[in-house]
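Reminder, nothing fancy here: chain letters follow the sequence lines and each chain counts from 1. Small disclaimer: the values here were computed from a predicted structure and weren't measured.
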There are 2 protein chains.
Amino acid sequence: MAKIRVYVGQNLDKGIKLISGEAIEKKTVIIIGNCRIQYEGRGVSRLDWGERIIMIKSDGSLLVHRPFGYLPVNWQPETSTIHIFSRGEYLCVKAVRSKPRERVFIELKDIDMIVVSELEDNAQFIEYLSEAEIRDFLASHPEIIEKGLRTISVEKNIEPGFIDLYCVDEKDRIVVVEIKRHTATVNAVKQLSTYINALRREYGPNRNIRGILVAPSITKNAHELLVKLGMEYRRIDLKAIYEKIGRTIVRDKSKSILEYIE
Amino acid sequence: MAKIRVYVGQNLDKGIKLISGEAIEKKTVIIIGNCRIQYEGRGVSRLDWGERIIMIKSDGSLLVHRPFGYLPVNWQPETSTIHIFSRGEYLCVKAVRSKPRERVFIELKDIDMIVVSELEDNAQFIEYLSEAEIRDFLASHPEIIEKGLRTISVEKNIEPGFIDLYCVDEKDRIVVVEIKRHTATVNAVKQLSTYINALRREYGPNRNIRGILVAPSITKNAHELLVKLGMEYRRIDLKAIYEKIGRTIVRDKSKSILEYIE
DNA sequence: GTCTCTATTTCGTGG
DNA sequence: CCACGAAGTAGAGAC
């Protein structure tokens with residue numbers, strides 16, 4: 001079980017003393033209370049009094065959550081230094097970051113609860129179906145994109161940027177493959193076009209160079225532009241790739257994992 | 001003061017019953033405990049047992065925070081439906097979203113604390129120095145960009161997209177202004193170049209059309225490309241703009257607000 | 001440190 | 001609802 005100290009009601013003063021004095025090393029602090037907030041740095045923001053949840057982690061990251069919305073209303077990433085101190089009637093939390101130079105300044109006028117916890121969490125976060133994983137899988141199974149396609153290099157660096165897959169087709173034409181793990185937009189088409197133009201400059205007009213955009217879907221505008229520029233689209237099915245890579249971990253058996261992919 | 005109920009130690013069962021039975025309407029729930037998590041949807045992830053903080057808001061948003069890092073390790077935005085229920089030894093939290101189809105499934109084997117709160121927060125979040133604000137300010141003060149510059153239109157829609165400022169200079173040449181509120185990259189240069197090419201096609205080769213990229217800074221590659229394409233860079237100072245727009249709210253007087261901008 | 005690109009990006013806005 | 005671009009985007013990887 002985690003070490004947790006809860007300060008509420010009569011004990012709040014003790015909690016305030018604890019978090020404002022002692023360094024909160026290795027501890028995660030949650031404060032619930034009525035506060036106002038100012039942020040200055042890359043932008044400037046102001047938020048007047050309201051009841052919110054403040055989370056301060058031992059690495060210096062700070063989050064302020066309102067009772068709605070997925071995103072924190074104010075925050076500071078982990079490179080910050082955090083000071084907690086009393087000023088007049090208010091408990092103040094000040095998180096300053098030097099690069100970029102910015103600060104979050106919180107004043108609390110009412111505190112409902114303080115939780116100081118020491119959490120142990122050493123598990124490794126494992127992700128599947130990232131763009132890198134899909135790219136590497138397609139690199140070793142280029143026939144999924146097109147029969148007879150062979151991969152020459154992965155993440156090939158040419159001047160304008162990195163080509164996901166640099167391949168040749170059955171007729172030995174160069175094929176530039178751009179992979180998107182979700183809906184391809186006009187930007188993706190432009191990106192692919194840039195690569196192809198660069199290669200055409202390099203190889204001259206006699207070398208036939210093809211461009212294939214691989215994605216589970218593509219926007220209408222993107223597809224029009226793609227066709228206009230003489231390039232091609234290949235749909236991939238993330239579900240099928242996931243099956244082929246072969247995962248077996250399913251804990252919640254109420255629904256198949258594959259129902260949720262793409 | 002906010003309405004807060006804390007369940008810890010002996011009371012945990014009561015808390016579990018509360019959050020798994022009743023709809024948690026208008027309430028924000030925090031659970032601290034040892035859990036494992038699976039996510040499936042746009043991607044797939046697994047996280048084995050560890051002590052974490054789970055936050056569930058009344059709008060259906062879900063966040064799981066590890067004791068480190070600014071970002072939640074797993075989450076679900078506010079369009080989700082959330083079910084809390086017991087299965088065997090575990091308390092389960094299941095958040096499902098339909099568009100895109102995805103789910104987060106959490107199993108808790110030890111719970112340290114449950115907090116159920118009703119937070120009141122109606123304050124308006126106010127942001128300054130957004131790209132829109134900077135753009136509108138420069139639109140009405142184009143002389144900051146260049147002496148004699150006049151704004152013709154803001155957010156002008158031409159085929160490839162929207163031009164931030166469409167101006168004419170002292171010599172009545174068309175000037176396309178692209179504004180970035182931080183470091184301009186090669187993409188910004190390409191964007192500007194696209195607009196200018198479109199206008200050149202429209203107005204023919206005799207009309208002189210200039211492009212100005214306005215940003216607090218620019219990357220080396222971007223600047224090289226800009227010069228190569230015959231366009232110009234103007235540095236803007238966010239601090240100066242903020243001063244000119246004229247803000248006065250400064251609560252924490254220990255440091256001037258302007259120290260923290262840009 | 002600078003620059004570029006991805007992200008379970010999220011979020012807004014305009015068509 | 002789809003498409004596209006901004007964000008205090010954050011974070012990773014290459015150079």
Side-chain angles (χ1 to χ4, degrees), chain A residues 38-45 61 69-80 95 97 99-104 125 127-132 134-135 155 157 160-162 164 178-188 191 217-224 238 260-262, chain B residues 37-45 61-62 64 69-80 95 97 99-104 125 127-135 155 157 160-162 164 178-188 191 217-224 238 260-262:
Chain A
Q38 46 173 281
Y39 159 76
E40 287 131 26
R42 287 169 289 178
V44 173
S45 78
S61 45
Y70 151 72
L71 289 169
V73 64
N74 282 107
W75 69 91
Q76 197 77 282
E78 58 211 85
T79 42
S80 332
R97 189 151 77 126
K99 198 158 185 19
R101 182 139 192 84
E102 55 187 350
R103 71 160 178 185
V104 172
F125 183 71
E127 260 188 291
Y128 306 107
L129 284 181
S130 67
E131 172 153 313
I134 295 167
R135 188 232 301 136
E155 282 286 275
N157 189 2
F162 289 83
D164 283 336
E178 174 71 25
I179 301 165
K180 291 291 164 199
R181 59 182 300 297
H182 43 103
T183 311
T185 65
V186 280
N187 270 341
Q191 202 178 330
S217 58
I218 186 167
T219 68
K220 201 167 152 283
N221 290 349
H223 193 256
E224 277 170 18
L238 289 191
Y260 290 92
I261 298 175
E262 183 50 23
Chain B
I37 308 165
Q38 47 173 279
Y39 159 76
E40 287 133 26
R42 287 168 288 180
V44 173
S45 78
S61 46
L62 168 80
V64 183
Y70 152 72
L71 289 169
V73 64
N74 282 108
W75 69 90
Q76 197 78 281
E78 58 212 83
T79 41
S80 333
R97 189 151 76 126
K99 199 159 184 20
R101 182 141 192 85
E102 54 187 350
R103 71 160 179 185
V104 173
F125 183 69
E127 261 187 289
Y128 305 108
L129 284 181
S130 67
E131 175 155 308
E133 194 184 34
I134 295 167
R135 187 233 301 139
E155 283 285 277
N157 189 1
F162 289 83
D164 284 335
E178 174 72 26
I179 300 165
K180 290 291 164 199
R181 59 180 303 296
H182 45 104
T183 311
T185 65
V186 281
N187 269 341
Q191 202 178 331
S217 59
I218 186 166
T219 68
K220 199 166 153 285
N221 290 349
H223 193 257
E224 277 170 17
L238 289 191
Y260 290 93
I261 299 174
E262 187 47 25

| field | Atom-pair distance (CD on A:E224; C1' on D:dC4), nearest Å | value | 15 Å

| field | B:W75 CH2 to C:dT8 P, straight-line distance once rounded to whole Å | value | 5 Å

| message | Any side-chain N or O of B:R135 below 4.0 angstrom from OP1/OP2 of D:dG5? | response | no

| remark: Of B:N157 and A:Q191, the one whose nearest nucleotide on DNA chain C sits closer to the 5' end is A:Q191

| task | Please check the phosphate of D:dG8 (OP1 and OP2 only) for any side-chain N or O of B:R181 closer than 4.0 Å. | result | no

| Most 5' of B:H182 and B:G161 on DNA chain D, judged by nearest nucleotide | B:G161

| task | Kindly say if A:T219 contacts the phosphate of D:dC4, meaning a side-chain N or O under 4.0 Å from OP1 or OP2. | result | yes

| request: Just do the side-chain contact (heavy atoms from CB on, under 4.5 Å) check on B:Q191 and B:E178 with the steps written out, would you? | output: CA-CA 8 Å; B:Q191 202 178 331; B:E178 174 72 26; 3.5 Å; yes

| field | Note, B:L62 side chain near B:S80 side chain (heavy atom, < 4.5 Å) | value | no

| request: Give B:V44 one of three labels, base, sugar-phosphate or nothing, depending on what nucleic acid heavy atoms sit under 4.0 Å from its own. | output: nothing

| query | Given side chains that start at C-beta, do those of B:Q38 and B:R103 come closer than 4.5 Å, heavy atoms only? | reply | yes

| field | Separation of C:dT8 C1' from B:K99 NZ (nearest whole Å) | value | 15 Å

| message | Considering every strand and a 4.0 Å limit on heavy-atom distances, what is the contact class for A:E78: base, sugar-phosphate, or nothing? | response | sugar-phosphate

| remark: Separation of D:dG8 atom C1' from B:Y70 atom OH, nearest Å, is 9 Å

| request: Check whether any side-chain nitrogen or oxygen of B:K180 sits under 4.0 Å from OP1 or OP2 of D:dA6, and answer yes or no. | output: yes

| Spacing between B:I179 atom CD1 and D:dA6 atom P, to the nearest angstrom | 11 Å

| said: Using a heavy-atom cut-off of 4.0 Å across all strands, would you classify B:E131 as base, sugar-phosphate, or nothing? | reply: sugar-phosphate

| request: Give one of base, sugar-phosphate or nothing for A:P77, where a contact means two heavy atoms less than 4.0 Å apart. | output: base

| task | Enter the distance from B:K180:NZ to B:I134:CD1 here, rounded to the nearest 0.5 Å. | result | 11.5 Å

| query | Does a nitrogen or oxygen in the side chain of A:R42 sit under 4.0 Å from OP1 or OP2 of D:dA6? | reply | no

| query | Under 3.5 Å, is there an N or O donor on one side and an acceptor on the other linking the side chain of A:Q76 and the base of D:dG8? | reply | yes

| query | So does B:N74 reach the base of C:dT8 with its side chain, donor to acceptor, closer than 3.5 Å? | reply | yes

| note | In whole angstroms, the gap separating P of C:dT8 from CD of B:E102 amounts to 10 Å

| task | Flag the pair A:V44 / B:E127 as yes when at least one side-chain heavy-atom distance between them is below 4.5 Å, and no otherwise. | result | no

| field | Residue whose closest nucleotide on DNA chain C lies nearer the 5' end, B:T183 versus A:F125 | value | B:T183

| query | Can you find a donor-acceptor N/O pair under 3.5 angstrom joining the side chain of A:N187 to the base of D:dG5? | reply | no

| Protein-nucleotide distance (B:R101, atom CZ; C:dT8, atom P), rounded to Å | 20 Å

| query | Given the P atoms of C:dT8 and C:dT4, what is the spacing between them in whole Å? | reply | 23 Å

| Salt-bridged, B:E102 to B:R97, with N to O below 4.0 Å? | yes

| said: What's B:F162 touching, base or sugar-phosphate or nothing? Going by heavy atoms closer than 4.0 Å. | reply: nothing

| remark: Comparing A:R97 with A:K220, nearest DNA chain D nucleotide closer to 5' gives the residue A:K220

| query | CD of A:E127 versus P of C:dT6: gap in Å, rounded? | reply | 15 Å

